Protein chains: 2
Amino acid sequence: MMAAQQLDLVFGALADPTRRAILARLAEGEATVNQLVTPFRLSQPTISKHLKVLEHAGLVSRGREAQFRPVRLEAAPLAAAEQWIGEYRRFWEASFERLDTLVQDMKRKENDHG
Amino acid sequence: MMAAQQLDLVFGALADPTRRAILARLAEGEATVNQLVTPFRLSQPTISKHLKVLEHAGLVSRGREAQFRPVRLEAAPLAAAEQWIGEYRRFWEASFERLDTLVQDMKRKENDHG
DNA sequence: CGTTTATATAGCTATGTAGAAATATAGCGA
DNA sequence: TCGCTATATTTCTACATAGCTATATAAACG
């Protein structure tokens with residue numbers, strides 16, 4: 001099992017929309033810091049700080065090519081996060097079933113009254 | 001799709017080990033606030049504050065029975081969080097494949113040298 | 001009623017974080 | 001070497017959060 005502290009870092013990193021957007025961008029491939037800066041109206045240091053948080057959580061890794069430090073997605077920690085959440089699947093599936101039942105009931109009543 | 005802000009709240013709530021432990025406890029069934037306090041060496045107000053965070057994220061709901069405010073797990077937001085993470089599954093599966101390949105390579109070399 | 005029990009709120013401290021601007025570092029290219 | 005580009009670091013402000021103690025509310029109980 002992943003250390004609890006690692007989950008703290010991963011979920012903490014995912015709690016920010018800018019960082020989630022950075023990961024989404026990286027899903028399309030490696031990017032330089034400036035490529036990550038442009039779409040957001042945020043300063044370069046701010047993006048660098050977000051990258052440090054992501055790196056600390058193990059969600060990105062950095063290369064080194066001349067004066068560029070390309071950023072790559074590292075998805076492995078997401079597997080652990082998904083696994084943690086997955087332990088609760090039966091609960092939300094149960095509630096969706098209840099929702100289904102409710103919807104069916106409503107439809108049936110509609111027909112009864114139609 | 002879930003609003004981005006909702007994901008902020010859910011991932012933010014999951015980023016704390018006390019809150020994850022509270023959810024784990026609630027997976028075994030409804031609990032009162034004091035029942036949630038005892039296993040943690042934290043004060044009751046501290047737990048109440050964590051419960052407020054969880055409630056704000058939609059991960060728990062509160063009942064009202066006499067002077068008790070029983071806490072129930074609400075797993076639905078976890079489905080959205082899992083779905084968000086699930087978009088990246090192909091990336092971690094890819095890296096596990098690479099790991100597999102690596103392990104197989106190592107085993108093969110071991111045999112070559114044994 | 002007053003007392004006890006369960007929970008919430010207020011107020012505080014310490015720490016963390018998101019953002020900015022300014023500056024430093026590092027590599028490339030003329 | 002000089003200057004340009006890419007990125008990191010520093011320093012600041014504003015705000016959020018985890019924890020505490022003390023106190024307030026609210027319902028049950030005697």
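Here is how names work: the chains are called A, B, and so on, in the same order as the sequence lines, proteins then strands, and each is numbered from 1. Small disclaimer: the values here were computed from a predicted structure and weren't measured. Computed over heavy atoms, backbone and side chain alike; hydrogens, waters and symmetry mates excluded.
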When rounded to whole Å, the CD to P distance for the pair A:Glu30 and D:dT7 reads 11 Å
Separation of D:dA16 atom P from A:Asp16 atom CG, nearest Å, is 14 Å
- [ ] Report whether A:Leu54 and A:Leu42 are members of the same hydrophobic cluster (ILVMFWY, side-chain heavy atoms less than 4.5 Å apart, transitive linking).
- [x] yes
### Task
Kindly say whether B:Gln35 contributes a backbone atom to a donor-acceptor pair with the side chain of B:Arg25 at under 3.5 angstrom?
no
- Query: Is a donor on one side and an acceptor on the other found under 3.5 Å between the side chain of A:Tyr88 and the backbone of B:Ala24?
  - Reply: yes
Do any side-chain nitrogens or oxygens of B:Asn34 fall under 4.0 Å of OP1 or OP2 in C:dT5?
no
By nearest-heavy-atom nucleotide on DNA chain D, the more 5' of A:Gln67 and B:Glu65 is A:Gln67
In whole angstroms, the gap separating P of C:dG16 from CG of A:Leu9 amounts to 13 Å
B:Lys52 NZ to D:dA16 P, in whole Å, measures 14 Å
A:Arg62 atom CZ is separated from D:dA6 atom P, nearest whole Å, by 14 Å
Shortest non-hydrogen pair, A:Arg19 vs A:Ala13, comes out as NE-O, 2.9 Å
A:Leu51 atom CG is separated from C:dT17 atom P, nearest whole Å, by 15 Å
Item to complete: Say whether, by atom type as modelled, one donor and one acceptor occur between the side chain of B:Arg20 and the main chain of B:Leu14 under 3.5 angstrom.
Response: yes
- [ ] Look at the side-chain N and O atoms of A:Thr32 and state whether any lies under 4.0 Å from the OP1 or OP2 oxygen of D:dA6.
- [x] no
The answer to which of A:Arg64 and A:Leu42 contacts DNA chain C further toward the 5' end, by nearest nucleotide, is A:Leu42
Exercise. Do any side-chain nitrogens or oxygens of A:His50 fall under 4.0 Å of OP1 or OP2 in C:dT17?
Worked result: no
Of the listed D:dT5, C:dA18, D:dT9, the closest approach to the A:Pro45 side chain comes from D:dT9
Taking for B:Gln35 and for A:Arg41 the nucleotide of DNA chain C with the nearest heavy atom, the one nearer the 5' end belongs to B:Gln35
Is a side-chain donor or acceptor of A:Arg69 paired with a backbone partner of A:Gly63 at a separation under 3.5 angstrom? yes
Practice problem: Please confirm whether any donor atom in the side chain of A:Gln44 sits under 3.5 Å from an acceptor in the base of D:dA8, or the reverse. | Solution: yes
Between CD of A:Gln5 and P of D:dA18 the distance, given in whole Å, is 16 Å
Query raised in the report: Which part of the nucleic acid does B:Lys49 contact within heavy-atom distance under 4.0 Å: base, sugar-phosphate only, or nothing?
Result: base
Rounded to whole Å, the CD1-P distance (A:Ile47 to C:dT17) equals 17 Å
### Any B:Thr46 side-chain N or O less than 4.0 Å from OP1/OP2 of D:dC20
yes
Ranking D:dA8, C:dA8, D:dT5 by distance to the side chain of B:Arg69, first place goes to C:dA8
ask   = Does A:Arg19 put a side-chain nitrogen or oxygen below 4.0 Å from OP1 or OP2 of C:dA18?
value = yes
Sorted by position of nearest nucleotide on DNA chain D, 5' first, the leading residue of B:Thr18 and A:Ala31 is A:Ala31
Q. C:dA8 phosphate, OP1 or OP2: any side-chain N/O from B:Ser48 under 4.0 angstrom?
A. yes
